[in-house]
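Provided herewith is a single structure, encoded as structure tokens, for subsequent inquiry.
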Amino acid sequence: MNERTLTMIKPNAVKKHVAGKIISMWEDAGFEIVQIKRKHLTTSQAEGFYKEHDGKPFFAGLVEFMTSGPIYILVLEKENAIADNRKLMGATNPANAEEGTIRKLYADSLGENAVHGSDSPQSAAREIDYYFNVFEL
Ligand code: CMP
């Protein structure tokens with residue numbers, strides 16, 4: 001059964017001009033691009049997206065980084081999209097990411113880890129709804 005996931009190409013990867021290479025990795029892995037947009041998040045938009053991390057020691061730095069430049073926001077679709085995207089992205093901390101994963105190739109650090117992907121069906125539904133309205137999907 002097809003499934004959708006919300007994924008973002010973060011400011012460090014956009015600045016390095018590797019967004020196209022990352023998108024190719026998703027296409028080569030069989031993901032359909034259902035939606036894509038470029039956006040420079042405001043502080044409150046980034047805080048709202050990452051609200052589950054509010055209060056953690058890295059929250060302020062995460063919001064500062066995510067508002068430091070434009071990002072690409074995508075809805076991807078395929079069978080098992082959420083788990084398969086997390087596998088393709090690699091571990092959150094690039095130091096632990098497997099060879100050939102997006103983060104191994106393009107992340108700079110745990111904070112500047114190039115991409116985000118939904119971690120469950122519940123977060124995918126919330127995150128897709130956060131950025132896209134019903135007419136865009
Ligand atoms: P992401 O998948 O976008 O979800 C939350 C982000 O917080 C995570 O990727 C990391 O980039 C960032 N982050 C920064 N510091 C930490 C930390 N100590 N533990 C987990 N995530 C962190």
Side-chain angles (χ1 to χ4, degrees):
M1 205 186 69
N2 270 354
E3 181 178 71
R4 289 179 175 181
T5 188
L6 188 286
T7 196
M8 298 187 285
I9 302 177
K10 297 187 179 186
N12 62 317
V14 174
K15 267 184 207 122
K16 286 195 282 189
H17 291 151
V18 295
K21 291 194 169 83
I22 293 172
I23 291 167
S24 287
M25 290 175 74
W26 283 317
E27 291 195 313
D28 291 346
F31 290 89
E32 206 61 50
I33 299 169
V34 176
Q35 266 295 1
I36 177 167
K37 64 181 161 197
R38 178 183 157 110
K39 180 127 186 66
H40 194 150
L41 295 177
T42 64
T43 297
S44 65
Q45 287 167 344
E47 285 172 346
F49 182 83
Y50 279 118
K51 67 178 184 196
E52 70 180 280
H53 297 299
D54 194 355
K56 294 183 185 168
F58 60 85
F59 184 67
L62 173 62
V63 170
E64 194 182 338
F65 166 60
M66 288 302 293
T67 56
S68 68
I71 61 171
Y72 287 90
I73 307 165
L74 301 90
V75 177
L76 301 178
E77 183 174 289
K78 81 188 270 298
E79 218 174 276
N80 214 24
I82 296 167
D84 285 0
N85 187 37
R86 291 182 71 75
K87 206 165 162 192
L88 183 60
M89 290 191 302
T92 305
N93 187 341
N96 305 323
E98 279 181 42
E99 289 297 329
T101 59
I102 295 171
R103 286 174 173 148
K104 182 73 182 182
L105 288 164
Y106 301 119
D108 296 304
S109 62
L110 170 59
E112 304 202 1
N113 63 353
V115 284
H116 165 87
S118 309
D119 64 3
S120 67
Q122 292 73 20
S123 62
R126 183 187 85 81
E127 292 174 2
I128 291 169
D129 186 57
Y130 191 78
Y131 286 128
F132 295 96
N133 70 48
V134 68
F135 300 107
E136 296 172 300
L137 296 165

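Counting convention: from 1, in listed order, for ligands and their atoms alike. Computed from a predicted structure; not experimentally measured.
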For residues 18-35, which residue pairs qualify under salt bridge (charged side-chain N to carboxylate O under 4.0 Å, His left out), counting only residues two or more places apart or in two chains?
none
Atoms in ligand 1 flagged as close to Lys10, the criterion being non-hydrogen separation under 4.0 Å:
1 (P), 3 (O), 9 (O), 11 (O)
For His53, atoms of ligand 1 separated by under 4.0 Å from a heavy atom:
5 (C)
Using side-chain contact (heavy atoms from CB on, under 4.5 Å), reason through Asp54 and Tyr50 one step at a time and then give a plain yes or no.
CA-CA 7 Å; Asp54 194 355; Tyr50 279 118; over 6 Å; no
Counting heavy atoms under 4.0 Å, the part of Leu110 that contacts ligand 1 is both
Of all residues at least two apart in sequence or in a different chain, which pass the side chain to side chain contact (heavy atoms under 4.5 Å, CB included) check with Leu105?
Met25
Check against side-chain contact (heavy atoms from CB on, under 4.5 Å), Ile9 and Leu74
CA-CA 8 Å; Ile9 302 177; Leu74 301 90; 4.1 Å; yes
A student checking ligand 1 against Arg103 at a 4.0 Å heavy-atom cut-off should list atoms 2 (O)
Quick test: of every protein heavy atom, which one is nearest to atom 2 (O) of ligand 1, and how far off is it to 0.1 Å?
His116 ND1, 3.2 Å
protein heavy-atom neighbour closest to atom 4 (O) of ligand 1 works out as Tyr50 CE2, 3.6 Å
Does Val115 reach ligand 1 with a nitrogen or oxygen that is under 3.5 Å from one of the ligand's nitrogen or oxygen atoms?
no
Give the numbers and elements of all ligand 1 atoms closer than 4.0 Å to a heavy atom of Gly111.
11 (O), 14 (C)
Checking Arg126 side chain against Phe49 main chain: does a donor-acceptor pair fall under 3.5 Å?
yes
Report yes or no: does Thr7 contribute a side-chain atom to a donor-acceptor pair with the main-chain N or O of His116 at less than 3.5 Å?
yes
Hydrophobic cluster identity match, Phe132 and Met66, side-chain contacts under 4.5 Å
yes
Looking only at protein heavy atoms, which one is nearest to atom 6 (C) of ligand 1, and how far off is it?
Leu62 CD1, 3.8 Å
Going by the closest heavy atom to atom 16 (C) of ligand 1, which one wins out of Phe59, Phe65, Phe58?
Phe58
